[in-house]
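Small disclaimer: the values here were computed from a predicted structure and weren't measured.
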Amino acid sequence: LGREALSLAVEHLIGERGHHRITIDPAADNEREIRCYEAVGFRRVGVLRSYWWDHVEERWADGLLLDLLAGELV
């Protein structure tokens with residue numbers, strides 16, 4: 001369901017709104033979420049070190065920058 005919703009949102013942003021690139025920045029250790037993004041066509045760009053404050057772990061955590069260009073939607 002998540003993949004389908006994500007695909008529809010990206011299709012709308014690119015097809016209807018004319019966006020050229022979509023970027024997203026999940027927590028770097030959230031592999032399940034990252035797999036979902038990659039299944040839709042997002043590609044890894046790089047790691048954002050100490051990017052967000054994890055209130056549960058009480059520490060700075062890394063983010064992963066992913067992007068998808070128009071035409072790369074799976």
Checklist entry - Between OH of Tyr37 and CD1 of Ile22, what distance do you get to the nearest 0.5 Å? => result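 Rounded to the nearest 0.5 Å, the OH-CD1 separation comes out at 12.0 Å.
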
Checklist entry - Is there a chain of hydrophobic side chains (I, L, V, M, F, W, Y, each step under 4.5 Å between heavy atoms) that links Val45 to Ile14? => result no

Item to check | Path from Leu48 to Ile24 over hydrophobic side-chain contacts below 4.5 Å | outcome: no

Checklist outcome for this item: The remaining residues in the hydrophobic cluster of Val56, counting side-chain heavy-atom contacts under 4.5 Å among Ile, Leu, Val, Met, Phe, Trp and Tyr, are none

Donor-acceptor contacts, no H, no angles, side chain residues 58-74, under 3.5 Å, sequence neighbours left out:
from	atom 1	to	atom 2	distance (Å)
Asp62	OD1	Ser50	N	2.8
Asp67	OD2	Arg21	NH1	2.6
Glu72	OE1	Leu69	N	3.0

Check residues 3-10 and write down every donor-acceptor pair under 3.5 Å in which the side-chain atom is one partner and the other belongs to a residue at least two apart or another chain.
from	atom 1	to	atom 2	distance (Å)
Ser7	OG	Arg3	O	3.0

Heavy-atom pair of closest approach, residues [X] and [Y]:
X	Y	result
Gly2	Cys36	C-SG, 4.1 Å
Asp54	Glu57	OD1-N, 3.0 Å
Ile34	Ala28	CD1-O, 3.6 Å

Do [X] and [Y] have side chains that approach each other closer than 4.5 Å (heavy atoms only, starting at C-beta)?
X	Y	answer
Phe42	Thr23	no
Glu38	Arg44	yes
Arg49	Tyr51	no

